Amino acid sequence: MVNPEKIVKIPIGPQHPALKEPACFTVSLNGEKLVDLDLRLGYNHRGVEKAAEGRTYTQNMYLFERVCGICSHSHATCFIQCVEEVAGLEVPPRGRFLRTLIGELERIHSHFLWLGVAAHEIGFDTLLMYSWRDREVVMDLLAMLTGNRVNYAANVIGGAKHDVTDEQKAAILKAVDTLEERTKYYIEVASEETTLIARLSNVGRISLEDVKRLGTVGPTARASGLSQDARRDDPYAAYKEVPFSVITDTHCDVYGRTLVRVGELMESYKIIRYVLQNLPDGPIAAKAPRKIPAGEAVSRYEAPRGEDVHYVRGNGTEKPERVRVRAPTMVNLLSVPKMLEGNNLADVPITVAAIDPCFSCTDRAIRVADADGGNAQVFSWEESRRFGIDWYRKNGVDFTDVNKRLAQRLK
Amino acid sequence: MKKPGKMLAELLRHVTKRPATTQYPFKKIDVPATYRGRIVFISENCIGCKLCMRDCPASAITINKVGEEKIFEAVFDLDKCIYCAQCVLSCNKKALMTSTDFELAQITRKNLRMVYDAKPKPPAPPKEPVVAPPADAGAAPASPQA
Ligand code: SF4
Ligand code: SF4
């Protein structure tokens with residue numbers, strides 16, 4: 001039995017050197033062991049959904065691309081799939097294949113990025129440096145194909161924006177060969193380097209039952225043996241025609257998540273080769289109307305981090321009436337407290353990093369409600385600012401003087 | 001074989017190799033020809049339909065009429081522009097194009113407002129372009145007519 005007096009609470013974040021994005025983890029510790037974890041989000045709310053209501057569908061395409069800096073194509077495509085469904089647009093086969101191509105290139109760069117970040121969290125910076133160097137290969141490919149390294153703007157409503165030429169095809173195939181060779185090396189490192197295996201095994205364990213219960217998605221769920229992938233279960237773009245396998249693992253820990261991700265890289269290379277060899281001829285996009293009819297649609301997309309869900313309701317104008325974004329991190333975060341039960345404090349960074357979190361994608365409106373469901377309260381911007389200032393003042397932090405002095409200085 | 005130091009051989013192999021990074025800004029970074037850098041405006045092609053303004057997600061482009069004739073200038077807010085090239089796609093007259101110019105940093109925000117000024121036709125009363133003092137246009141990155 002833990003003595004409650006021995007429990008120490010430590011807040012990690014929202015501003016913390018080890019976190020790249022603001023989120024607050026309050027960990028309760030008994031010695032080194034974690035007893036409880038309280039997770040708070042909401043420091044990165046950008047009002048994307050509200051902003052979407054004031055923009056046309058074309059403008060929103062670029063807005064949703066910026067929901068996430070890594071899965072930019074995922075969010076943009078997921079949104080556009082909804083719009084196309086409402087408008088009853090059929091994307092031509094070539095357009096679907098091109099979307100798949102960019103989607104898989106994005107998965108490659110995201111998984112390489114994750115490999116580096118995870119390696120960094122466990123102090124294996126050699127792996128970080130080399131995996132990020134190799135990531136440049138795919139970043140350059142994306143820049144060549146679409147004109148930008150991160151926000152590809154590769155979609156139009158009704159299809160794809162950029163076609164591939166024969167030289168580009170050759171360049172992609174060559175780069176994929178290089179990447180495949182490198183990935184084989186990283187698989188070797190992951191399965192032979194004993195320090196890496198020892199550090200990651202049995203860290204952040206979550207069982208198959210818990211994964212199902214908490215609705216975990218993506219590589220995190222697949223590493224606990226759940227064979228679930230929106231590309232196979234609810235095929236979009238060209239995934240119905242493209243053969244690939246869903247990688248799963250039964251380690252149930254961070255090591256398993258590493259193996260799933262490097263395994264998925266190998267599948268992505270297969271998909272890209274198939275897409276380029278079987279690229280159908282024809283137009284790349286269907287003509288889209290400016291006004292989208294009234295109607296609603298939900299679409300699923302397997303982003304590198306897991307299943308992404310968008311909902312769009314149109315009302316017959318040029319602008320959507322409501323858009324809802326459910327980023328994969330939202331559901332995966334729920335599994336983090338379960339994963340960390342009984343782990344050491346030092347395992348917190350790598351376990352959190354292992355779900356490949358993206359907090360700004362996840363943050364939506366704040367609605368403070370009592371546990372029994374009643375008494376809901378919504379803060380306006382000014383109210384929440386006031387609340388913050390008062391709260392800090394009550395706790396002995398007052399910036400009034402500092403602000404005054406700063407204002408004088410600036411004069 | 002499972003043993004520590006798996007990446008040691010890889011490290012040693014790279015000891016004699018050149019660094020993977022580029023010594024920017026001493027060496028210019030190559031960008032592909034398809035890169036979406038600063039948007040270039042060709043005034044002769046523009047008919048002033050303003051489709052580009054309507055589709056721009058960042059309200060970064062403004063098309064103004066210059067003088068009495070159908071001549072148009074474009075004002076870009078380079079700090080607002082997200083370089084999505086939707087305006088290039090929306091323009092049916094090929095009056096907008098992407099360029100590979102990506103070095104757009106400026107010391108002051110004022111310089112980020114870029115004007116592609118078109119000359120009004122000589123017979124028309126010479127009216128100054130509304131937004132741009134000529135000094136600004138000079139400080140902005142090279143204009144395409146120059
Ligand atoms: S869409 Fe093209 S032609 Fe029309 S105003 Fe813009 S630049 Fe000019
Ligand atoms: S590139 Fe995009 S943001 Fe920039 S002016 Fe064109 S449409 Fe607007």
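In what follows, chains carry the letters A, B, and so on, assigned in the order in which the sequence lines appear, proteins first and then strands, with residues in each chain numbered from 1. Side-chain atoms are counted along with the backbone in the values below, which use heavy atoms only and exclude waters and symmetry mates. Small disclaimer: the values here were computed from a predicted structure and weren't measured.
- Side-chain polar atoms of B:Asp101 and B:Ser99 form no donor-acceptor pair below 3.5 angstrom.
- Side-chain contact annotation: A:Glu180 with A:Tyr185, donor-acceptor N/O pair under 3.5 Å absent.
- If you measure heavy-atom distances from A:Met129 to chain B, you find no contacts under 4.5 Å at all.
- Your options are A:Asp140, A:Thr195, A:Asn148, and the one with the most heavy-atom pairs under 4.5 Å with chain B is A:Asn148.
- The most heavy-atom pairs under 4.5 Å with chain B, out of A:Phe124, A:Tyr152, A:Tyr130, come from A:Tyr130.
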Step-by-step side-chain hydrogen bond (donor to acceptor under 3.5 Å, both in side chains) determination, B:Gln86 to B:Ser90: CA-CA 6 Å; B:Gln86 173 62 39; B:Ser90 298; 3.0 Å; yes
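- Within residues 7-19 of chain B, the residues having any heavy atom closer than 4.5 Å to a heavy atom of chain A are B:Met7, B:Glu10, B:Leu11, B:Arg13, B:His14, listed by residue number.
- Without hydrogens or angle criteria, A:Glu84 side chain to A:Leu89 main chain gives no donor-acceptor distance under 3.5 Å.
- In this structure, the side chains of A:Asp163 and A:Arg94 come closer than 4.5 Å at one or more pairs of heavy atoms.
- Closest of all the heavy-atom pairs between B:Thr100 and B:Pro32 is CG2-O, 3.5 Å.
- At a 4.5 Å heavy-atom cutoff, A:Glu65 makes no contact with chain B through either its backbone or its side chain.
- Proximity of the aromatic rings of B:Phe41 and B:Phe72 is defined here by a centroid distance below 6.0 angstrom, and this criterion is not met.
- For B:Pro57, the parts lying near chain A are the backbone and the side chain together; criterion is any non-hydrogen pair under 4.5 Å.
- Ranked by heavy-atom pairs shorter than 4.5 Å toward chain B, the options A:Glu318, A:Arg290, A:Met144 are led by A:Arg290.
- Using a 4.5 Å cut-off between heavy atoms, A:Ile197 contacts chain B through its side chain alone, with no backbone atom that close.
- A salt bridge is defined here as a Lys NZ or Arg NE, NH1 or NH2 lying under 4.0 Å from an Asp or Glu carboxylate O, and A:Glu136 with A:Arg149 meets this definition.
- For the pair A:Arg182 and A:Tyr186, the distance from NZ or CZ to the six-membered ring centre is under 6.0 Å and the angle to the ring normal is within 45 degrees.
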